[in-house]
Structures are given as C-alpha cells and as structure tokens.
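Note that the coordinates shown come from a computational prediction; the quantities given were computed from them, not determined experimentally. Just so we're on the same page: letters track the sequence lines, and every chain starts at 1.
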Number of protein chains: 2
Amino acid sequence: MKPLVHPALRDITVEGILHALSDPVRVAIYADIVGSDCSQTCSNFVNIVDKPVPKSTLSVHFKALREAGLIRGERRGVEMYNVSRCSEIDGRFPGLIAAIVKAHNIQSEESRTPKVKSGSLKKRRLER
Amino acid sequence: MKPLVHPALRDITVEGILHALSDPVRVAIYADIVGSDCSQTCSNFVNIVDKPVPKSTLSVHFKALREAGLIRGERRGVEMYNVSRCSEIDGRFPGLIAAIVKAHNIQSEESRTPKVKSGSLKKRRLER
DNA sequence: TCAATAGTTCATAACTATTGAACTAAGGAG
DNA sequence: CTCCTTAGTTCAATAGTTATGAACTATTGA
C-alpha cells in the first residue's frame, strides 16, 4: 500500500490550511482531533455531521487534511491513527490553528442554541 | 445595476471565511485591505500577484470576499470602494482575522527570503 | 484458507472556478 | 444633449475540482 504523504513544515501553506478547513466535515474532524488527547481512526468520524459520511469520502477528507499538513496519519494494523500537527504549525504560524478551532467551536455552540442538534460528538468523548 | 450583497454578521460562517481566504489572490487582496487605513478600488489589485489578474476575475474575487462577509463594498460614481469588516467579525470570532492575516504576512515574508522570485513586489533578498 | 474489518482507488457525474467578450453605469468633454 | 472613457459586471465556454458507489488491497483472527 502506498506510503502516506506528509509535507515538511516549510511546505505547509496558509492557503492550503484554509482550504482544507473550509469544508464543514473536515473542519469538524480537525477540531475534534485537535481537541482530543489521543489519536483517532477515520471511521470514528462517520457521524461527525448529521448525515453519515461515506467512507470513500472520509478517506479523501483525511488525505486532504494530511496533505495540507494539518494531521499526521499512521497505519497500525488495519486501522489508521491520526494526530494533529498543531504544535508544529504553531511554530510557524502562531495562533492560527487555535483561532480557527476556537471560531469553529463558537459557531458550533451557536448552532446548538437555536435548535437542539443530535449530540453524537460528545457521546464518543464519554467512552474514553 | 444590481445592489451589492452583504451578509448580516450572524450569517457569516467560519467555513465561508476560510474558503474565501483559501485563494492566494483573495487572501493577498484581503490582507492588503485590512492593512490599509483607507478604502480600496478593485482595479488597484490588478498586480497583487506576479501575474496580472484579469478584471472579470477580480470582480468575481471581490464578490466572493463580500459574500463571505469579509469586506464591505460601496459604489462611488464609476468606482467601487472596499473596506474590511474585520472589527465586526472580531466581535463574533475573536482573533480569527488577525491570525489569518498575520500568518499570510509571515508566509509572504518567507517567500521573499529563500529564493529570488521574479518578484514584482519588492526584492528584499538583494539587501541581505 | 476464509471471513471480517479498515481504508484506498477508480470512474464518473456533479459542482466550481477562470476568463475573454459583450455589456451597464457614471462622469466628463465638446 | 451625444459621444467617449473608465470601472466594474455578466455571460458562456471551458477547465479544473470534488463526491461517492463499486471494486479493490492489506491486516488480523478464527
């Protein structure tokens, strides 16, 4: 199987980061990975948004996050574990990732207030 | 002529902002508008990147920035003046715009140092 | 060896972006 | 007033990107 591609820190671009995070599914996945202290498999995220995400689509999203330099993926047996590269990125673009994730969280909180959304996100957290 | 569309603050989304700024031409235009204290016409930006941007393309880029909620445009006679909405946005997503613009500026500085790009902007390299 | 599971690749259809050409609208000059 | 110039918009063609079902690979375990 093809080895995973991870750009060097110096090859990460602001545009690449913004593009990767301009998709609602990807930014939700990424905010979750950044906010969690252990690595995450792809299939954890099938229900990250209200409509289930097909696994081919998830695979493409993870590839986009990896190639933008946002996450690091590692195959372990049949699964793939993903961790964020935010401390690396923070060395080059201080505060960028934190500001985006914070804005995303503010927006998610807002959208919970008007109507009660199905909290599938929080549920997974509990079982760790 | 059609009136300009500007979303209300509450209708501005993080994804919309990130998408609008994930284009190298748009982020350069926007960083310039944010960094300048007076409003700017579209055609000021024909040479914002090394290759001149066609005016139809510029028009579309300004529309994208407006509809993402990043700038406010006002027609004055035959020209259009643009100002950033960053203080409004900052009220809802604190630090987001500043972090992105800062990251963009860091990256622009870097790209002036390592290799001499056919730089139409400034050739800092020569001074080192 | 076979089955199950996790993720990838491929083909194609749907979507999005770029840009030359034609257009509109405002402000002069005569 | 009419004509010209300038700034920006719209349209249509085309180029490029993205989403996803189906088929595939790789690993583990029975």
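- Side-chain N/O atoms of B/Ser56 and base N/O atoms of C/dG20 include a donor-acceptor pair closer than 3.5 Å.
- For the residue pair A/Gln40 and A/Ser36, a side-chain donor N or O sits within less than 3.5 Å of a side-chain acceptor on the partner.
- With a cut-off of 3.5 Å on both Watson-Crick or G-U wobble distances, the partner of C/dG30 is given as D/dC1.
- Comparing A/Tyr81 and B/His19 by the nucleotide of DNA chain C that holds the closest heavy atom to each, the one mapping nearer the 5' end is A/Tyr81.
- Under 4.0 Å is where a charged nitrogen must lie from a carboxylate oxygen, and between B/Glu110 and A/Arg10 no such pair does.
- Both A/His61 and A/Val78 sit near DNA chain D, but only A/His61 has its closest nucleotide nearer the 5' end.
- Put simply, the side chain of A/Arg72 does not reach to within 4.5 Å of the side chain of A/Asn82, judged on heavy atoms.
- Base-pair partner of D/dA30: C/dT1 (Watson-Crick or G-U wobble, both distances under 3.5 Å).
- Shown here, D/dA12 forms a base pair with C/dT19; the pair counts as Watson-Crick or G-U wobble because both key distances fall under 3.5 Å.
- The pair B/Glu109-B/Arg112 counts as a salt bridge, with a side-chain nitrogen and a carboxylate oxygen less than 4.0 angstrom apart.
- Judged by distance alone, with hydrogens and angles left aside, the side-chain atoms of B/His19 form no donor-acceptor pair with the main-chain N or O of A/Leu21 at under 3.5 Å.
- Of all nucleotides in DNA chain D, those with any atom nearer than 4.0 Å to a heavy atom of chain A start and finish, going 5' to 3', at D/dT18 to D/dT28.
- Among the atoms of the strands shown, none is found under 4.0 Å from any heavy atom of A/Lys63.
- Within 4.0 Å of A/Thr57, counting heavy atoms only, lies at least one base atom of the nucleic acid.
- Contact record, B/Glu67 with B/Pro7: O-CG, 3.5 Å, taken as the closest heavy-atom pair.
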